[in-house]
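In listed order, ligands and their atoms are each counted from 1.
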Amino acid sequence: MTQIIDGKAISAQIKDELKEKVTNMKKDDITLCLAVIQVGNDPASSVYVGNKKKACEYIGIESLAYELDENTTQDELLDLIHELNKRKDVNGILVQLPLPKHIDEDMIIRAIDPSKDVDGFHPQSVGALCIGQKGFVSCTPAGIIQLLKRSGIEIAGKECVIIGRSNIVGKPMSLLLLRENGTVTVAHSKTENLKEVAKRADILVVAVGRPKMITREYVKEGAVVIDVGIHRNENNKLCGDVDYDDVAPICSAITPVPGGVGPMTIAMLMNNCVESAHLNS
Ligand code: NAD
């Protein structure tokens with residue numbers, strides 16, 4: 001029987017653990033505060049920002065919301081980040097991406113103090129992950145490691161194939177699986193014989209951004225399949241990068257969309273906020 005990995009339940013479990021930790025931290029007078037900056041009013045970003053605020057409220061983390069006008073200049077945004085970097089009461093700073101085209105995203109990410117970089121996107125955080133030092137880890141791949149571990153799936157020694165090499169999912173995913181002693185292959189748009197490469201995987205992580213691209217032709221029987229993709233299909237229903245109905249019957253475990261990887265991203269953001277208190281104290 002295929003194990004359906006329940007990201008909603010695992011994310012709720014992590015949030016409850018964090019809530020308890022935060023309650024105990026408050027007893028020691030340690031408080032937490034996350035600053036969330038949104039520039040413009042992209043509807044998808046507004047939903048994500050709203051969900052982050054709700055998660056903060058649930059866990060007991062204060063959140064500061066900065067909803068800036070679409071025409072905010074890069075210098076104005078940099079000034080705000082510098083001010084938040086200095087504030088002792090702010091532990092984490094998150095700038096919701098994407099930013100309007102006139103703002104250089106890389107420059108904004110680099111401006112965030114790495115000790116407050118709860119998204120784990122700062123080059124220092126990425127470098128620390130690469131060489132196995134302490135630092136914040138990008139939330140989606142960190143969430144996938146939790147999904148695997150909390151579902152009792154062994155990573156050490158396993159063939160892990162990731163399809164996709166983005167900075168926020170594919171690359172950090174490869175480093176995290178390596179850290180867990182997996183044997184890691186990263187496939188991408190220029191990979192030859194993708195089906196054969198993907199079929200080597202005991203653990204297949206798919207982050208291609210193409211609805212239902214991965215059918216059972218890419219999957220070894222008994223593999224674990226993690227679907228990072230999220231799309232709305234023609235009937236306005238959510239689907240992933242994996243053709244779930246086709247693949248689920250032949251794998252040993254799979255994440256559904258929705259309810260798989262998605263809920264984990266926010267849980268791991270909250271985890272990074274809690275860790276930031278230790279880094280800053
Ligand atoms: P991206 O577009 O930045 O990267 C996609 C990667 O897939 C690229 O590295 C590219 O080389 C590779 N690729 C594209 N077409 C390919 C093909 N035909 N064959 C092989 N490789 C191919 O995307 P991303 O930011 O990594 O996101 C991937 C998906 O995950 C998207 O659907 C996104 O919405 C979703 N996502 C979900 C969460 C979440 O919390 N659930 C978080 C981040 C991203």
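- Protein heavy atom closest to atom 26 (O) of ligand 1, with residue, atom name and distance, is Ser166 OG, 2.6 Å.
- Residue Leu194 approaches ligand 1 through these ligand atoms, each under 4.0 Å from one of its heavy atoms: 19 (N), 20 (C).
- A chain of hydrophobic side-chain contacts below 4.5 Å, direct or via other Ile, Leu, Val, Met, Phe, Trp or Tyr residues, connects Leu175 to Val228.
- The protein atom (non-hydrogen) at minimum distance from atom 16 (C) of ligand 1 is Arg210 NE, 3.7 Å.
- Distance check: Glu154 CD to Glu180 CD gives 9.5 Å after rounding to the nearest 0.5 Å.
- At a 4.0 Å heavy-atom cut-off, ligand 1 does not touch Met264 at all.
- Among all non-hydrogen protein atoms, the one lying nearest atom 2 (O) of ligand 1 is Val208 O, 4.7 Å.
- Annotation: atom 36 (N) of ligand 1 to nearest protein heavy atom, Val228 O, 3.6 Å.
- Between the side chains of Tyr58 and Asp16, a donor-acceptor pair is found at a separation under 3.5 Å.
- Separating the OG atom in Ser45 from the CD atom in Gln96 is a distance of 4.5 Å, to the nearest 0.5 Å.
- With rounding to the nearest 0.5 angstrom, the CZ atom of Phe121 is 8.0 Å from the CG atom of Leu94.
- If you take CG on Asp245 and CZ on Arg216, they are separated by 10.5 Å, rounding to the nearest 0.5 Å.
- Looking at atom 11 (O) of ligand 1, its nearest protein heavy atom turns out to be Ser189 N, 3.2 Å.
- With contacts defined as side-chain heavy-atom distances shorter than 4.5 Å, the pair Lys53/Val36 does not qualify.
- Protein heavy atom nearest atom 31 (C) of ligand 1, with residue, atom name and distance: Gly209 CA, 3.6 Å.
- The distance from the CD1 atom of Ile59 to the CG atom of Asn271 is 9.0 Å, given to the nearest 0.5 Å.
- When only non-hydrogen protein atoms are considered, atom 39 (C) of ligand 1 lies nearest to Thr265 OG1, 3.8 Å.
- Within a 6.0 Å radius of CG in Asp104, other residues, nucleotides and ligands contribute more than 12 heavy atoms.
- Close contacts between ligand 1 and His231 involve ligand atoms 32 (O) [criterion: under 4.0 Å to a heavy atom].
- Short contacts between ligand 1 and Arg165, defined as distances under 4.0 Å to a heavy atom of the residue, involve ligand atoms 6 (C), 8 (C), 9 (O), 11 (O).
- Counting heavy atoms closer than 4.0 Å to ligand 1, residue Ile230 contributes atoms from both its backbone and its side chain.
- Residue Lys190 does not touch ligand 1, judged by heavy-atom distances below 4.0 Å.
- Ile144 and Val219 fall into different hydrophobic clusters, where Ile, Leu, Val, Met, Phe, Trp and Tyr are joined by side-chain heavy atoms under 4.5 Å apart, directly or via other members.
- Contacts between Val169 and ligand 1 below 4.0 angstrom, taking non-hydrogen atoms only, involve the side chain exclusively.
- The contact set between ligand 1 and Gly164, taken as ligand atoms under 4.0 Å from a residue heavy atom, comprises 6 (C), 7 (O), 9 (O), 12 (C).
- Those atoms of ligand 1 with a heavy atom of Met213 less than 4.0 angstrom away are 17 (C), 18 (N), 19 (N).
- Each of the following atoms of ligand 1 lies closer than 4.0 Å to a heavy atom of Gly262: 41 (N).
- Those atoms of ligand 1 with a heavy atom of Gly229 less than 4.0 angstrom away are 29 (C), 30 (O), 32 (O), 35 (C).
- The pair Asp241-Arg210 does not meet the salt-bridge criterion, since no charged nitrogen lies less than 4.0 angstrom from a carboxylate oxygen.
- Protein heavy atom at the shortest distance from atom 42 (C) of ligand 1 is Thr140 OG1, 3.3 Å.
- For Lys8 and Asp6, the salt-bridge test fails: no basic side-chain N is under 4.0 Å from an acidic carboxylate O.
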